[in-house]
Chemist: 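My questions all concern the structure below.
Just so we're on the same page: letters track the sequence lines, and every chain starts at 1.
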There are 2 protein chains.
Amino acid sequence: MACLQRFDDPKGKELDLFCTRNPIDSSSVAPQVAKILAAVEAEGDAALYAYSKRFDGVVLSSLAVSLEEFEEAREAVGPELKEAIHLAKTNIRAFHEAQRSSGEEVEVMEGVTLKRKVVPIRRVGLYIPGGTAPLFSTVLMLALPAKIAGCREIVLCTPPNREGKVHPAILYAAELCSVDAVYKVGGAQAIGALAYGTETIGRVDKIFGPGNRFVTEAKTQVAQGTCAIDMPAGPSEVMVVATTRSNSAFVASDLLSQAEHGPDSQAMVVLIGSDPDRWIEELEEQLERQCSVLKRSGYVKQSLEASRIAVVQEVEEAAFIANAYAAEHLIINTGDRVLDDSLVDLIESAGSIFVGPYSPESAGDYASGTNHTLPTGGWARSMSGVSTDSFVKKITIQELTKDGLKRLASSVMTMAAHEELEAHGNAVGMRLEGE
Amino acid sequence: MACLQRFDDPKGKELDLFCTRNPIDSSSVAPQVAKILAAVEAEGDAALYAYSKRFDGVVLSSLAVSLEEFEEAREAVGPELKEAIHLAKTNIRAFHEAQRSSGEEVEVMEGVTLKRKVVPIRRVGLYIPGGTAPLFSTVLMLALPAKIAGCREIVLCTPPNREGKVHPAILYAAELCSVDAVYKVGGAQAIGALAYGTETIGRVDKIFGPGNRFVTEAKTQVAQGTCAIDMPAGPSEVMVVATTRSNSAFVASDLLSQAEHGPDSQAMVVLIGSDPDRWIEELEEQLERQCSVLKRSGYVKQSLEASRIAVVQEVEEAAFIANAYAAEHLIINTGDRVLDDSLVDLIESAGSIFVGPYSPESAGDYASGTNHTLPTGGWARSMSGVSTDSFVKKITIQELTKDGLKRLASSVMTMAAHEELEAHGNAVGMRLEGE
């Protein structure tokens, strides 16, 4: 088992090095993705059927999942998983309902009334990757806030397996969240179908969801048109802020649960402590012990090779490093409740924060109710994770009375004149002529 | 004077044609922009000085605007313009302060507490184009919400003139809004400096502001890295929804104030009325009369050639067209207050709505208090204009007690097992061992 790469008090270029993400290169697939998108735009459904044959190895008779298939899924999902999904749904719904906003209204001057109205994005498309481990949890994370926001059309694309079927847990979750339609389309072609529309699949206004590099690159490309996307995608990552009093077994389990996402995942530690060697040794022993029983241990070891630990003396320094890294998932588990809270207050950049010894990342990944679609790769410096906000727009509205316009007139006309926008001034002057 | 292109009851492909934007092509400058960005990243300040010499025709002695220059600007701006700017500032501030949000806290189950905390984006960069008509109003529209949101560093880049100076109104507005520094850098090189940082200019987390196609393309390119941008840029546009009872002179003045923004601006009308010919004639007469006295009339005529009028019978049809077009600025001026209000209720997609006869777009462009940085080109279907929201992130936080985790445990472990993420389950199991 490789040791975690250790950085003592990293600053400046050392800190940059510590914060470096694993390189991703989705642009190498750009020409192929562009070709697929162009084919879907030109040929519609025909292109989707052709790509399914080629990439998914299946000849589909129809793109839309049928009522019978939904019914089969309902029967195929066991009671234990159903119960688990229902609990997650209840919590996700409670938290995302609290995120609804209602707009404002302000009369800034007599006769000048300004408002914002909150309007759902009408048509949204959700992409859910397929494969052996189907991300049905992501269906909940995207469809529930879409529904709460009030989106009128919620459609979902996911690749079929070789039998032309979709995993029952995905269908069960989609039905539970009142998704309007599920289509058996994966990869870049699914993103093209959602962005441009085909005979079967209606064009959407915004696309959400994770995917491989073809999907990611396709999302980037369609976002150059007029289809919005949730956020730039990148490999998942966790940072744990700990002290030598933290439970090293818990920390190890969090690092491993990140590492199992894939070989490019990053699991990072910031350790506060003046005598850290023994604790680091313990952590590495725990990693080894817990890893050895994992089915994906090969995978996990590869990911841990790019993992790092920073050792610092001060709480402020730990917060500085956490803000510089801007982790998708930030676990603050110092073994001291007061210290945990002061660290939370110091954090400015993170996707989601997990506080204390009993808040593992996996709680938020599945069932506590926070959203697991979060900014990676440092984007947490400027972006938020998916929330109910991601499914609405806010439109400003103004209504001026004649007197209200009079009160603004000289300001508007003076500013317009200085910006040399004469007709802007006229639009006001014209309305007040003879006054 | 060209007539407005008329569409009667446009539907389907006709409606698509009606809604078509003027083509924009910033990608033709992509290779040149990439070269400039790479040079700024590699050479820092030296590249900025070299590009200033080449593109702005001036050899600068320093990039940062000095205290003396701010003082000169304060003296150069006349009292009338100062008063105008102050009124605008008061209104913009009032509306954007009302947009502050405070996050939520929900205990979704006993021992499972979820929150969102609202955190300002630390470092933001504002780009303000130069030229003869300096957009000092945009300084207010970007710097005031940044300040209200609590951003720690607000810097502004704007190109110098041939004397190496920045327009005094821009400096006056920047100082009034407590911008931390103004740099004399324009074009793609300014965007590179803000995204990557140089010796003088610190790297920012998000870039805001309008610009020519070099600036627009540069913003698109840096957004592929980890620097966020406000929104995709495009030519400005207005749509007026009117009836044959609307004051045609007012409508004409609104179309002209849009058209003067540039030859690629679009000014659109949706007219509700069964006998529209006379009103359209009046509108065209008004356009001709009002245009003839404008200094930029050549410009304006060119823009009006791409303008269109849709004639419909029903209010719902008008709203349908307005939603399909998703205008940056939507003026609803039917000459009937009740009708105006029901139209506002039907609008789902627009950047900003101006209601009634006394709410010209220019009021919102300058001084009423709404933001004038708005989604163009149909992006209003999925995006909002700039607001205080644009300068913050919302970080989710969760804290579980041991009992809280116990309540979630079976749900998390079951879902993790079905997604084949074994270590995710272990992170929970480990914490509850022996229970």
Chemist: If you count heavy-atom pairs under 4.5 Å with chain A, which of B:Pro375, B:Gly351, B:Gly234, B:Pro232 comes out on top?
Modeler: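 Between B:Pro375, B:Gly351, B:Gly234, B:Pro232, the count favours B:Gly351.
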Chemist: Please classify the contact between B:Glu260 and chain A as side chain, backbone, both or neither, with a heavy-atom cut-off of under 4.5 Å.
Modeler: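 Backbone plus side chain of B:Glu260, per the 4.5 Å heavy-atom cut-off to chain A.
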Chemist: Verify, without hydrogens or angle tests, whether B:Asn426 (side chain) and B:Gly429 (backbone) share a donor-acceptor contact under 3.5 angstrom.
Modeler: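 Side chain of B:Asn426 to backbone of B:Gly429: no pair is present.
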Chemist: Do the side chain of B:Ser362 and the main chain of A:His424 share a donor and acceptor less than 3.5 angstrom apart?
Modeler: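 Looks like yes, one N/O pair under 3.5 Å.
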Chemist: Among A:Leu405, A:Thr414, A:Thr226, A:Asp254, single out the residue with the greatest number of heavy-atom pairs under 4.5 Å to chain B.
Modeler: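 Counting heavy-atom pairs under 4.5 Å, the top option is A:Thr226.
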Chemist: When you measure from the side chain of B:Asp340 to the backbone of B:Val355, do you find a donor-acceptor pair of N or O atoms at a distance under 3.5 Å?
Modeler: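 No, B:Asp340 side chain to B:Val355 backbone: no donor-acceptor pair under 3.5 Å.
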Chemist: Among A:Leu294, A:Val344, A:Val106, who wins on heavy-atom pairs under 4.5 Å with chain B?
Modeler: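 The answer is A:Leu294.
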Chemist: Please state whether the side chain, the backbone, both or neither of A:Thr370 comes within less than 4.5 Å of a heavy atom of chain B.
Modeler: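 Both the backbone and the side chain of A:Thr370 come within 4.5 Å of chain B.
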Chemist: Less than 4.5 Å to any heavy atom of chain B: does that hold for the side chain of A:Phe136, its backbone, both, or neither?
Modeler: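 For A:Phe136, the contact with chain B is made by backbone and side chain together.
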Chemist: Taking A:Glu399 for its side chain and A:Val112 for its backbone only, find out whether a donor-acceptor pair lies under 3.5 Å.
Modeler: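 Checked: no pair found.
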Chemist: Can you tell me which portion of A:Ile331 sits under 4.5 Å from chain B's heavy atoms? Options are side chain, backbone, both or neither.
Modeler: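 The answer is neither part of A:Ile331.
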Chemist: How many angstroms lie between atom CE of B:Met383 and atom CG of B:Leu374, to the nearest 0.5 angstrom?
Modeler: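 Here the interatomic distance stands at 13.0 Å.
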Chemist: Given a strict heavy-atom distance threshold of 4.5 Å, which part of A:Lys115 is in contact with chain B: side chain, backbone, both, or neither?
Modeler: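 Just its backbone gets close to chain B.
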Chemist: Quick test of your reading of the model: are B:Glu348 and A:Arg152 salt-bridged, counting only N-O distances below 4.0 Å?
Modeler: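 Yes, this pair counts.
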Chemist: So for A:Arg337, is it side chain, backbone, both, or neither that comes closer than 4.5 Å to the heavy atoms of chain B?
Modeler: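 For A:Arg337, the contact with chain B is made by the side chain alone.
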Chemist: Which one, B:Gly369, B:Gly364, B:Pro120, B:Ser257, leads in non-hydrogen pairs under 4.5 Å with chain A?
Modeler: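 Top count of heavy-atom pairs under 4.5 Å with chain A: B:Ser257.
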Chemist: Would the number of heavy atoms belonging to other residues, nucleotides or ligands and lying under 6.0 Å from CD of B:Glu97 be above 12?
Modeler: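 Atom CD in B:Glu97 is packed in, count exceeds 12.
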Chemist: Given that the side chain runs from C-beta out, which part of B:Val124 has a heavy atom under 4.5 Å from chain A: side chain, backbone, both or neither?
Modeler: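 When you check distances to chain A, no heavy atom of B:Val124 falls under 4.5 Å.
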Chemist: Could you look at A:Val204 and say if it's the side chain, the backbone, both or neither that has a heavy atom under 4.5 Å from chain B?
Modeler: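 Contact with chain B: none, neither part.
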Chemist: Can you tell me how far apart OG (A:Ser384) and CD1 (B:Ile121) are? Round to the nearest 0.5 Å.
Modeler: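 Spacing of OG (A:Ser384) from CD1 (B:Ile121) equals 7.5 Å.
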Chemist: At a heavy-atom separation under 4.5 Å, does B:Arg100 approach chain A through its side chain, its backbone, both, or neither?
Modeler: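 For B:Arg100, neither part sits under 4.5 Å from chain A.
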Chemist: Any salt bridge linking A:Asp205 with A:Lys393? Criterion: basic side-chain nitrogen under 4.0 Å from a carboxylate oxygen.
Modeler: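 No, no charged N to carboxylate O under 4.0 Å.
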Chemist: Out of A:Met109, A:Glu83, A:Lys206, which one racks up the most heavy-atom pairs below 4.5 Å with chain B?
Modeler: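 So the answer, after comparing A:Met109, A:Glu83, A:Lys206, is A:Met109.
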Chemist: Relative to chain A, which segment of B:Asp341 carries a heavy atom at a distance below 4.5 Å: side chain, backbone, both, or neither?
Modeler: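 For B:Asp341, the side chain is the part near chain A, not the backbone.
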Chemist: B:His86 versus A:Ser411: any side-chain heavy-atom pair under 4.5 Å?
Modeler: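 With C-beta onward as the side chain, the pair stays apart.
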Chemist: Quick check on the interface: out of B:Ile347, B:Val108, B:Ile332, who has the most heavy-atom pairs with chain A under 4.5 Å?
Modeler: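 Max contact count across the listed options: B:Val108.
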Chemist: By a 4.5 Å heavy-atom criterion (distance strictly below it), what part of A:Asp389 contacts chain B: side chain, backbone, both, or neither?
Modeler: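 When you check distances to chain B, only side chain atoms of A:Asp389 fall under 4.5 Å.
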Chemist: For A:Ala252, is it the side chain, the backbone, both, or neither that has a heavy atom closer than 4.5 Å to a heavy atom of chain B?
Modeler: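 Contact with chain B: none, neither part.
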Chemist: With only heavy atoms counted, which part of A:Val119 is less than 4.5 Å from chain B, the side chain, the backbone, both or neither?
Modeler: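 When you check distances to chain B, only side chain atoms of A:Val119 fall under 4.5 Å.
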Chemist: With a 4.5 Å cut-off on heavy-atom pairs, point out which of B:Thr401, B:Thr220, B:Leu81, B:Leu87 contacts chain A the most.
Modeler: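 Among the listed options, the one with the most contacts to chain A is B:Leu81.
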Chemist: Looking at A:Gln398, A:Arg381, A:Gln258, A:Met413, which makes the most heavy-atom pairs under 4.5 Å with chain B?
Modeler: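 Most heavy-atom pairs within the cutoff with chain B belong to A:Gln398.
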Chemist: Counting heavy-atom pairs under 4.5 Å to chain A, which of B:Ala417, B:Gly225, B:Ser101 comes out on top?
Modeler: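 With the most close heavy-atom pairs to chain A, the winner is B:Gly225.
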Chemist: Is B:Glu107 atom CD crowded by more than 12 heavy atoms from other residues, nucleotides or ligands, each under 6.0 Å away?
Modeler: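 Buried by this count: over 12 neighbours within 6.0 Å.
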Chemist: Compute whether any side-chain donor of one residue and acceptor of the other, for A:Glu419 and B:Tyr366, lie under 3.5 angstrom apart.
Modeler: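 Short answer, yes.
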Chemist: Heavy-atom cut-off 4.5 Å, strictly under: side chain, backbone, both or neither for B:Leu140 against chain A?
Modeler: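 Interface part for B:Leu140: side chain.
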Chemist: Tell me, for A:Pro357 versus chain B, whether the close heavy atoms (under 4.5 Å) come from the side chain, the backbone, both or neither.
Modeler: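 Contact with chain B: backbone only.
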Chemist: Heavy-atom pairs under 4.5 Å with chain A - which of B:Ala98, B:Ala228, B:Ser368, B:Gly378 has more of them than the others?
Modeler: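 Heavy-atom pair counts peak at B:Ser368.
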Chemist: Is it the side chain or the backbone of A:Val412 that comes within 4.5 Å of chain B heavy atoms, both, or neither?
Modeler: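 Contact with chain B is through both the backbone and side chain of A:Val412.
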Chemist: For the backbone of B:Ala249 and the side chain of B:Gln290, can you confirm whether one donor and one acceptor N or O come within less than 3.5 Å of each other?
Modeler: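 Yes, the answer is positive, given that a donor and an acceptor are paired below the 3.5 Å cut-off.
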Chemist: Measure distances from A:Ala169 to the heavy atoms of chain B and classify the residue's part below 4.5 Å as side chain, backbone, both or neither.
Modeler: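 For A:Ala169, neither part sits under 4.5 Å from chain B.
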Chemist: Below 4.5 Å from any heavy atom of chain A, which atoms of B:Gln99 appear? Answer side chain, backbone, both or neither.
Modeler: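 Both parts, backbone and side chain.
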Chemist: Please tell me whether A:Ser387 and B:Arg116 have a donor and an acceptor in their side chains that are separated by less than 3.5 angstrom.
Modeler: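 There is such a pair (donor and acceptor under 3.5 Å, judged by atom type) between the side chains of A:Ser387 and B:Arg116.
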Chemist: When heavy-atom pairs shorter than 4.5 Å are enumerated against chain B, which of A:Ala363, A:Ala94, A:Ala409, A:Gly356 gives the highest number?
Modeler: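 Ranked by heavy-atom pairs under 4.5 Å with chain B, first place is A:Ala363.
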Chemist: Contact part of A:Asp365 toward chain B, heavy-atom cut-off under 4.5 Å: side chain, backbone, both or neither?
Modeler: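 The side chain, not the backbone.
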Chemist: Give the ring-plane orientation class for A:His329 versus A:Phe354, where under 30° counts as parallel, over 60° as perpendicular and anything between as tilted.
Modeler: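 Tilted: the ring planes of A:His329 and A:Phe354 meet at 30° to 60°.
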Chemist: Can you sort out the partners of A:Arg407 under side chain to side chain donor-acceptor pair (under 3.5 Å), two or more places apart, ordered by chain and number?
Modeler: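 Here no residue qualifies.
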Chemist: Of the listed residues (A:Gly404, A:Ser410, A:Ser349, A:Gly385), which shares the most heavy-atom pairs with chain B below a 4.5 Å separation?
Modeler: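 Maximum pair count with chain B is reached by A:Ser349.
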Chemist: Between B:His167 and A:His418, do the side chains contain a donor N or O and an acceptor N or O under 3.5 Å apart?
Modeler: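 The criterion, which ignores hydrogens and geometry beyond distance, is not satisfied for B:His167 and A:His418.
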Chemist: Below 4.5 Å from any heavy atom of chain B, which atoms of A:Thr113 appear? Answer side chain, backbone, both or neither.
Modeler: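 No part of it gets close to chain B.
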Chemist: More than 12 heavy atoms of other residues, nucleotides or ligands under 6.0 Å from CZ of A:Arg93: is that the case?
Modeler: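 No, the 6.0 Å shell around CZ holds no more than 12 heavy atoms from other groups.
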